[in-house]
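Just the heavy atoms: all of them, side chains too, but no hydrogens, waters or symmetry mates, feed the values below.
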Amino acid sequence: MTSDSKTSVQLDFIGSLERTHKLGVLRSTDAGQTVTLMGWVNRRRDHGNLIFLDVRDRTGITQVVFDKEVSPAAHARAEAARPEYVVAATGRVRVRGEGLTNPNMPTGDIEVVATELLLLNESKTPPFPIADADTNVNEEVRLKYRYLDLRRPELQRNFELRHKVTRAIRDYLSDNEFLEIETPLLTRSTPEGARDYLVPSRVHPGHFYALPQSPQIFKQILMIAGFDRYFQVARCFRDEDLRADRQPDFTQIDLELTFPKQETIFRVVEGFLRAAFATANITLPEGNFIQMTYDQAIRKYGIDKPDMRLPAMVDLSAEVTPELRESLKIDPTLPILGFTIPSVGELSGTARKALLAEVRTSFGETGLDLLDVARLRTAQAFAPLAEAITTALTNELAAFTNNPQITTNNSADLHIVVTPKPGTPSMWNYDPQWIYKRVGQLRLDLAKKYADKHKLFEQTKTAADFKFLWVTDFPMYEWSEEHKRWDAAHHPFTSPHEDDITSGRLTSDKGAVRALAYDIVLNGTELGSGSIRIHRQDVQAEIFRSLGMSDEEAQARFGFFLNALEYGTPPHGGIALGLDRIVMILAGATSLREVIAFPKTAKAIDLMVDAPTPVSDIQLRDLSLRINTRS
RNA sequence: GGGGACGUAGCUCAGUUGGUUAGAGCGCUGCCCUGUCACGGCAGAGGUCGCGGGUUCGAGCCCCGUCGUCCCCGCCA
């Protein structure tokens with residue numbers, strides 16, 4: 001503490017001194033060279049007449065020795081050095097003697113015997129240690145002192161990885177005839193979708209720019225303009241509540257191309273992901289990523305972004321005979337779903353009952369219930385049912401377990417079976433889709449709860465950690481309870497399947513219309529989302545109408561775009577992937593904040609620069625704004 | 001908007017049933033130490049227990065409110 005007020009350290013000017021090597025590079029083959037190293041003091045070990053300084057930069061750490069007998073002056077300077085001081089050391093590289101090497105450091109075979117030390121800058125005692133790799137510091141402190149947090153090797157690695165991934169993607173797309181084209185950040189509000197960040201116009205009082213939620217319309221216009229293939233590492237802005245994997249401003253790999261099939265786009269994305277992962281020394285298997293429809297995803301996983309690191313759900317309807325259904329009074333139109341959480345270990349009877357009770361409580365008044373398979377087995381009448389269910393679940397697990405990461409061990413696996421309670425769907429006011437989703441959620445909750453046991457979420461830094469898939473044929477429309485209308489599930493420029501247009505379903509059966517829209521999913525996280533776009537003005541107008549938008553309204557909102565569509569728009573489509581999420585998963589991080597240099601808190605505050613802030617009355621007056629604080 | 005967890009020394013945390021002067025490890029400061037690499041030894045400094053109010057003879061601990069951080073739901077075309 002008192003060091004903070006200490007001003008006695010005499011600092012040195014750098015003069016004409018030049019750095020000869022970075023701190024991760026010297027090896028025994030460099031022995032004998034005279035070198036000048038510059039960096040931060042990682043640690044100081046003071047043995048009196050012998051002092052060791054570990055000097056650190058982004059590339060690594062090198063041990064510098066100060067021997068009073070070799071250079072009393074340098075030794076005296078080293079006595080004053082403290083952690084995070086910036087130093088320049090000159091000396092000779094020496095191979096360390098027998099028993100003195102450090103096998104844990106790449107530079108551990110050598111050390112530099114210093115003849116001179118310059119203290120280029122001092123440092124206050126950092127609020128948290130930079131040198132400790134396993135530091136577990138409150139994020140509030142880390143974000144306030146982000147410049148120190150970023151100095152930690154762990155984060156430096158994350159940002160090196162991010163750079164490499166970004167570069168690999170840029171190179172791959174460039175090599176495949178994509179042009180990187182920038183689009184404006186000051187643009188116009190598009191009323192659908194997330195809330196916009198708005199920027200008031202000084203020149204046009206009462207008018208606002210919006211920061212783009214994505215470059216969607218611009219990239220489509222670039223296709224109309226004939227650029228053929230476009231991409232951009234694009235900043236995007238959405239004013240919605242945050243999560244561990246959601247920041248208000250974030251980066252997308254945005255791309256669009258003309259005359260594509262869905263598969264054209266899939267192959268491009270698979271190509272650049274393979275290249276990106278290769279830079280992290282992860283070789284993704286050859287061949288296309290697996291693919292399933294939205295409908296299949298919901299039925300097998302209860303979610304549109306399945307985590308393929310876990311076994312799927314199984315519809316056990318076939319195992320429950322009609323007579324049994326009758327006697328259990330379970331509605332025949334509703335699914336009975338089971339799934340397995342592998343390798344949770346044997347649960348005692350008490351533990352099993354407690355778990356089931358907890359789950360039942362979480363179901364609340366939803367009309368779902370659990371079958372206790374273990375108990376069913378003990379009742380003679382139901383033993384065959386228990387057997388059939390267990391067999392079905394075990395078969396699914398066996399299929400899944402082609403994955404060498406786990407082994408099947410029946411008694412250690414947790415089987416969960418969810419049934420609708422006796423009664424009709426109308427009684428409980430749900431549809432089958434809702435059941436799939438609820439059980440899918442339970443599957444994820446329990447998998448998280450037992451993550452330490454099954455270890456399926458653990459990173460081994462091999463390709464087996466990363467389970468990609470494409471989800472296709474999303475619904476075109478989504479019923480909005482809030483607005484009592486059909487909204488575009490993806491965005492209103494998405495093309496429906498052509499036969500859904502010709503069949504008239506756009507008006508007659510909106511819920512059944514499938515879009516040429518697709519997501520790419522990695523380990524249960526949505527990495528990206530795209531679609532084949534509408535390229536005909538008449539179809540676009542019809543879609544707007546089907547969304548309840550009058551021609552006048554469509555003109556007012558998207559007139560410029562509808563006009564552009566009338567000048568020879570080629571068929572086109574594309575996708576955008578969250579770069580931050582790709583890097584996060586690749587880095588083994590669980591929060592975007594670990595891979596964004598200057599992230600915001602859950603309340604969208606930047607704790608380092610302290611943003612947002614109020615602005616002066618003069619600024620407000622220039623913008624013709626008045627603050628009306630809500631009470 | 002809703003639910004949950006957390007907030008005590010610079011950092012990570014402990015703090016019993018409400019009871020005297022609030023502790024530990026790391027870090028920091030001073031001294032000693034020529035082979036350490038999480039160096040070691042001795043001594044020392046460091047606290048508005050997030051903030052405000054209440055209950056009580058007495059509050060880090062109980063109650064109410066508030067602020068902040070994290071996680072989840074809603075929301076995120």
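- Among the protein residues, A:Ser214 comes within range of the nucleic acid bases, having at least one heavy atom under 4.0 Å from a base atom.
- Taking only distance into account, the side chain of A:Arg44 never meets the base of B:rC39 through a donor-acceptor pair shorter than 3.5 Å.
- At a cut-off of 3.5 angstrom, the base of B:rC6 holds no donor-acceptor pair with the side chain of A:Asn138.
- Residue A:Thr125 places no side-chain N or O under 4.0 Å from the OP1 or OP2 atom of B:rG27.
- B:rU36 and B:rG40 have their P atoms separated by 12 Å, with the value rounded to a whole Å.
- A gap of 41 Å separates the C1' atoms of B:rC62 and B:rA43, to the nearest Å.
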Identify each donor-acceptor pair in which a side-chain atom of residues 231-244 of chain A lies under 3.5 Å from a protein atom, sequence neighbours left out, and give them as a table.
from: A:Gln232; atom 1: OE1; to: A:Thr183; atom 2: N; distance (Å): 3.3
from: A:Gln232; atom 1: NE2; to: A:Ile181; atom 2: O; distance (Å): 3.4
from: A:Gln232; atom 1: NE2; to: A:Thr183; atom 2: OG1; distance (Å): 3.1
from: A:Gln232; atom 1: NE2; to: A:Tyr230; atom 2: OH; distance (Å): 2.7
from: A:Arg235; atom 1: NH2; to: A:Asp249; atom 2: OD2; distance (Å): 2.5
from: A:Arg238; atom 1: NE; to: A:Gln213; atom 2: O; distance (Å): 3.2
from: A:Arg238; atom 1: NH2; to: A:Gln213; atom 2: O; distance (Å): 3.1
from: A:Glu240; atom 1: OE1; to: A:Arg195; atom 2: NH2; distance (Å): 3.1
from: A:Glu240; atom 1: OE2; to: A:Arg195; atom 2: N; distance (Å): 2.9

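- For A:Thr90, the side chain to side chain contact (heavy atoms under 4.5 Å, CB included) partners two or more places apart in sequence, or in a different chain, are A:Leu17, A:Thr34, A:Thr36, A:Thr115, A:Glu116.
- Contacts of A:Thr59 classified as side-chain hydrogen bond (donor to acceptor under 3.5 Å, both in side chains), with partners at least two apart in sequence or in another chain: A:Asp57.
- Within the 4.0 Å cut-off from OP1 or OP2 of B:rU12, not a single side-chain nitrogen or oxygen of A:Arg142 is found.
- Using a 4.0 Å heavy-atom criterion, one finds that A:Thr101 contacts the bases of the nucleic acid, with or without backbone contacts as well.
- The side-chain hydrogen bond (donor to acceptor under 3.5 Å, both in side chains) check on A:Gln537 picks up nothing, with sequence neighbours excluded.
- Under the stacking criterion of a centre-to-centre distance below 5.5 angstrom and an interplanar angle below 30°, A:His47 sits stacked against the six-membered ring of B:rC39.
- Here the options are A:Leu53, A:Asp132, A:Ile61, the test is side chain to side chain contact (heavy atoms under 4.5 Å, CB included), and the partner is A:Arg43; only A:Asp132 passes.
- Here the side chain of A:Phe128 is nearest to one of B:rC11, B:rC37, B:rC71, namely B:rC11.
- With sequence neighbours left out, A:Asp519 forms a side-chain hydrogen bond (donor to acceptor under 3.5 Å, both in side chains) with A:Ser529.
- Take A:Thr601 and apply the side chain to side chain contact (heavy atoms under 4.5 Å, CB included) test, not counting sequence neighbours, and it matches A:Leu143, A:Lys603, A:Ile605, A:Leu607.
- A close approach under 4.0 Å does occur between a side-chain nitrogen or oxygen of A:Asn49 and OP1 or OP2 of B:rU34.
- Residue A:Gln63 is in base contact, counting any heavy-atom pair closer than 4.0 Å across all strands shown.
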Please list, for nucleotides 65-67 of chain B, all pairs of protein and nucleotide N/O atoms separated by less than 3.5 Å.
none

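- For B:rU36, the base is stacked against the aromatic ring of A:Phe52, per a cut-off of 5.5 Å between centres and 30° between planes.
- Contacts between residues 233-251 of chain A and RNA chain B, defined by a heavy-atom separation under 4.0 Å, are made by A:Arg238, A:Glu240, A:Asp241, A:Arg243, A:Ala244, A:Arg246.
- Across the protein-nucleic acid pair, A:Glu84 atom CD and B:rC11 atom C1' stand 14 Å apart, rounded to whole Å.
- Across all strands shown, B:rC67 is found opposite B:rG7 as a Watson-Crick or G-U wobble partner, with both distances under 3.5 Å.
- Listed by chain and number, the residues in a side-chain hydrogen bond (donor to acceptor under 3.5 Å, both in side chains) with A:Arg581 amount to none (sequence neighbours excluded).
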